[in-house]
Amino acid sequence: MTTSQIAPEVAERVHEGLNPAQRAAASHGAGPLLIVAGAGTGKTNTLAHRVAYLIASGITPNRILLLTFTRRAAGEMKRRVDALLRRVATGDERLPETLSGAKVWGGTFHSVAARLLRVHGRDIGLEPNFTILDRADAEDLMHLCRTELALGKQGRRFPQKGTCLDIYSRCVNAQLPLEDILRTVFPWCKEDAEDLRRLFVEYTDTKESRQILDYDDLLLFWRGLLDSPAGDRVRERFDAVLIDEYQDTNALQADIVALLRPDGTGVTAVGDDAQAVYSFRAATIRNILEFPQRFEGTTVLTLEQNYRSTQPVLDATNAIIAASSQRYDKTLWTDRDGGARPALVTCRDEVEQTDYVIERILGHREEGLALKQQAVLFRAAHHSAALELELSRRNIPFYKYGGLKFVEMAHVKDLSSFLRLAENPLDSMAGLRVLQLIPGVGPRIAAALMDALRDANGDFDTWVSWRPPEISVKTWPDFVGLMRNLAHAPSTDVSAQLHAARIFYAPLAEQRYDNAAARLADLEQIEMLGSRFNDRARFLAEMTLDAPNWTGDFAQPPTLDEDFLILSTIHSAKGLEWDAVYVIHAADGNIPADLACGSAEEIEEERRLFYVACTRAKDHLYVLHPLRYYAAGRGFSDRYGYAQRTRFVPDTLRPLFAESQARPTSDEADAESGGIEATTTRIREGIKAMW
DNA sequence: CTCCGTGCTGTTTTT
DNA sequence: CAGCACGGAG
């Protein structure tokens, strides 16, 4: 790492406002650095300061690689670094040139991989027009391969396509042999090892021949590139590599970091082993625990001063995580005195929980807390269904993170598939999808047409002579014309291409969907969005790799400037904070999820997840658990269960909480019938409101 | 071959 | 109540 000496007064300006530990982290020298940063200790801020410090000390911004967990985090980081640099530049003549759009390489492992492979892929035999399969595409491809090999037709039932992909992905990301993964994670599929092996070979071959990459390939090929003779060309690009949320990286990602900076110089990893919640994606806290062994001469710095939460909230969250066997010991403290103990609220059922949460939210808003400063968190996306319904009914605007994503909706995928096919005519997943939109064209014909296209080296002219079924004789030439135009269009004009595709697609969508108008409106939004891009491949990649945040950009109720409540899965809430946080369905079965109680490790992860949820709160924390809950999915009708409060708040921790009932206990006697009556009344009101 | 109706099954978190 | 697999009609 080539850092020139940094002037003390410049350093002082960079570090303004940091505490001593943060300061040490931000201005650390070239040796490998691990920052163990507890929740709310200013991790993001410290990392931003470190980036600014590196730039101020002479490293060119585009020689810094900043790997974050989400695109949102990347954007936030960039904003802060820019602000810092602006502050530093004041009165300094040497710096302004580095300022204008400090182009730090940033993004998720996956999106950075896509960009690097676009440039260097040829060196390892990858054409730059490769396209990327999202999760659903990958599953569908797995399914096609399974049918191809006639698996699951021998009487025994074969694992589902999603399960197959999970197994495959787990092997790749954990870098472990199939047997190990089957034995430890998917024991009920042990019998299928041989067939799975065949399936995975077929899957891999198909992807290769079609020049399509799945999520895992992006990491795999990035590592392969670094491991190849061309690896130096990638290594030479970067002087510094910083990785956020290191506790949630997997073996493959750790390999990539090590290959980027083999001796560890210039590596900065930030993370908190107490917040590791992605082991289902093969993330392993061994990466953070063993970082010092992997990189000799590592400096470990710990951030323990919490700036986020009040003392009572921190007392509770510290106690929750104390029960865990975390390895990097740290005790968070704060000087934010005062504030109330977090609330532990018992509700009779989900209706009561919903009402309670909404009342509190509105109450806080009365006191001046905007909806945006409050969030409701839950374990699984569907846990918020009842709440969403009631919020809509009461016209309380909200926005939900996690769960179904905008770009995964059928019509959005349809539209982007036109561009994907134009970008890479071998992309059979995009091709099959687009072709089957045409009436009279099903899987068989579509497959034949894609084969023909491949034989013609991707020249769409080969489709001109094909005679479609009667119903589509008119549509077909338009379609072929569209594809030819898209293929020859300058790749820069993304929104024009989207427009052309939309015009063709609109009538098909109208036939296909009963709510076509709404869907077509979405597509206009996509088109607008396309105008922000000047590169089709980049557009398509971001579309699949950075999907979640796109929803935040526009796919919401038309209230973007207005105030709205945040609903989020706990996983999607990572790294965020709100003044008031409501953790709902915090009852055994949901937290921890009964599907995740197979082993002690899994339960520990659920505990950390609960910890992550609670540590999002600055001033007000509510943990709610309905006694009676609707066990979604276990058959319909009246499958209600009686839930224990979450085991992560055992009796010993109760003094740290203010316990209450959602309704006064005096109602107990008549509450049962009263509650039910209230429900039926509400249903009737709802029906009346419909006319 | 496509398309549509019927019946079975299965459930988390995300790049 | 889905989303998917399978069977039969056109």
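Chain identifiers are assigned alphabetically (A, B, ...) following the order of the sequence lines, protein sequences preceding nucleic acid strands; residue numbering begins at 1 within each chain.
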Taking only the side-chain nitrogens and oxygens of A:Thr569, find out if one of them lies under 4.0 Å from OP1 or OP2 of B:dT14.
yes
Mind checking the C1' distance from C:dC4 to B:dT13? Whole angstroms is fine.
23 Å
Choosing from B:dC1, B:dT13, C:dA5, which nucleotide comes nearest the side chain of A:Arg379?
B:dT13
Could you tell me the separation between the CD1 atom of A:Ile243 and the P atom of B:dT15, rounded to a whole number of Å?
19 Å
Tell me the interatomic distance from A:Glu470, atom CD, to B:dT2, atom C1', rounded to whole angstroms.
15 Å
Please tell me which of A:Ser111 and A:Gln160 maps to the more 5' nucleotide of DNA chain B, matching each residue to the nucleotide holding its nearest heavy atom.
A:Gln160
Roughly, in whole Å, what's the span from CZ in A:Arg223 to P in B:dT15?
22 Å
Distance below 4.0 Å between A:Arg146 side-chain N/O and C:dA5 OP1 or OP2
yes
Would A:Tyr278 pass as stacked on B:dT14, i.e. its ring centre under 5.5 Å from the base's six-membered ring centre and planes under 30° apart?
no
Quick check: on DNA chain B, is the nucleotide nearest A:Phe69 upstream (toward 5') of the one nearest A:Glu606, or the reverse? Name the residue that is more 5'.
A:Glu606
Indicate, with a heavy-atom threshold strictly under 4.0 Å, whether A:Pro443 touches base, sugar-phosphate, or nothing.
sugar-phosphate
Closest to the side chain of A:Arg281, out of B:dT15, B:dC1, B:dT13, is B:dT15
Under 4.0 Å between a side-chain nitrogen and a carboxylate oxygen: does that hold for A:Asp134 and A:Lys413?
yes
Under 4.0 Å, counting only non-hydrogen atoms across every strand here, what does A:Lys574 touch: a base, just sugar-phosphate, or nothing?
nothing
What is the distance, to the nearest angstrom, from the CG atom on A:Asp166 to the P atom on B:dT11?
10 Å
If you measure from the Lys or Arg side-chain nitrogens to the Asp or Glu carboxylate oxygens, is any gap between A:Arg538 and A:Glu542 under 4.0 Å?
yes
Taking the side chain of A:Tyr215 as heavy atoms from C-beta outward, which of B:dT14, B:dT15, B:dC1 is closest to it?
B:dT15
Side-chain contact, heavy-atom cut-off 4.5 Å: A:Trp476 with A:Ile438?
yes
Taking NZ, NE, NH1 and NH2 as the nitrogens, is one of them in A:Arg281 or A:Asp248 under 4.0 Å from a carboxylate oxygen of the other?
no
Counting any heavy atom closer than 4.0 Å, what does A:Ile445 reach on the DNA or RNA strands: base, sugar-phosphate only, or nothing?
sugar-phosphate
In this structure, how many angstroms lie between the C1' atom of B:dT12 and the CZ atom of A:Phe186, rounded?
13 Å
Report the relative orientation of the aromatic rings in A:Phe504 and A:Phe479; use parallel for angles under 30°, tilted for 30 to 60°, perpendicular for over 60°.
tilted
Pick base, sugar-phosphate or nothing for A:His383, based on heavy-atom distances below 4.0 Å to the nucleic acid.
nothing
Counting side-chain heavy atoms from C-beta on, which of B:dT14, B:dT15, C:dC4 comes nearest to A:Thr70?
B:dT15
Rounded interatomic separation in angstrom, taking CG from A:Asn250 and C1' from B:dT14
12 Å
When A:Phe610, A:Tyr622, A:Phe378 are each screened for side-chain contact (heavy atoms from CB on, under 4.5 Å) with A:Val583, the one that passes is A:Phe610
Between atom CD in A:Gln247 and atom C1' in B:dT15, what is the gap in whole Å?
15 Å
How many Å lie between NE2 on A:His382 and C1' on B:dG10, as a whole number?
12 Å
